[in-house]
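Numbers here simply count residues along the sequence, with the first being 1. Note that ligands are numbered from 1 as they come in the structure, with each ligand's atoms numbered from 1 the same way.
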Amino acid sequence: MHKRSIELLNKAIADELTAIHQYMYFHFHCDDQGYDLLANLFKKTAIAEMIHVERCAERILFLKGDVEMVTSADIKKIQDVSKMLGMSAKMEEESAREYNVWANECSQNADAVSKQLFESLVLDEETHFDQFDTELENLKKFGERYLVLQSIERSKGRDSGPVD
Ligand SMILES: [Fe+2]
Ligand SMILES: [Fe+2]
């Protein structure tokens, strides 16, 4: 039943798993450099993508298929923050584009539920795109100061403990 939908849902899972790995890598490096706001954004987005995997997997199993837990690409070892944000925005844009196409394909194959699933993923990916794009704009607007401020905020947090 709905062999093509199962195929598309597995393709989505492969892209989502790649995004999870990539965003976790970015999270580790932002956290290491003291950029808490961005570290948290990457972590939060990776968790959102994990929920996307779960939703696709549930649909695949309902359609009596099986879940192929493979990634679609290796992660890129980017440590420059502006490049991280640029790559992430591009990944989100591409996912939204693909899911739109796949929603239409599922609709043509009379699989309304998979169509709706892809449509709701488009909405989430567009939100993720917007968040990464906004941070990229901030970074362009405020330059290094934007990152320095995040590091200072972390130091302030550490400072607030009792003096002994
Ligand atoms: Fe996703
Ligand atoms: Fe996303």
Residue H52, metal the Fe ion (ligand 1), N/O/S under 2.8 Å: yes

Lys/Arg N to Asp/Glu carboxylate O, K11 vs E7, below 4.0 Å: no

Residue H128 atom name (nearest to the Fe ion (ligand 2); N/O/S): ND1

Aromatic contact, H29 with Y25 (centres under 6.0 Å): yes

Same apolar cluster (I L V M F W Y, side chains within < 4.5 Å links), L9/I51: no

Pair R154 + D31, salt bridge at N-O below 4.0 Å: yes

Centroid-centroid distance, F26 to F132, less than 6.0 Å: no

Metal check, the Fe ion (ligand 1) vs E92 N/O/S, cut-off below 2.8 Å: no

With the Fe ion (ligand 1) as the apex, the OE2/OE1 angle for E125 and E49 - to 10°: 130°

Backbone or side-chain N/O/S of D15 under 2.8 Å of the Fe ion (ligand 1): no

Any N, O or S atom of E16 closer than 2.8 Å to the Fe ion (ligand 2): no

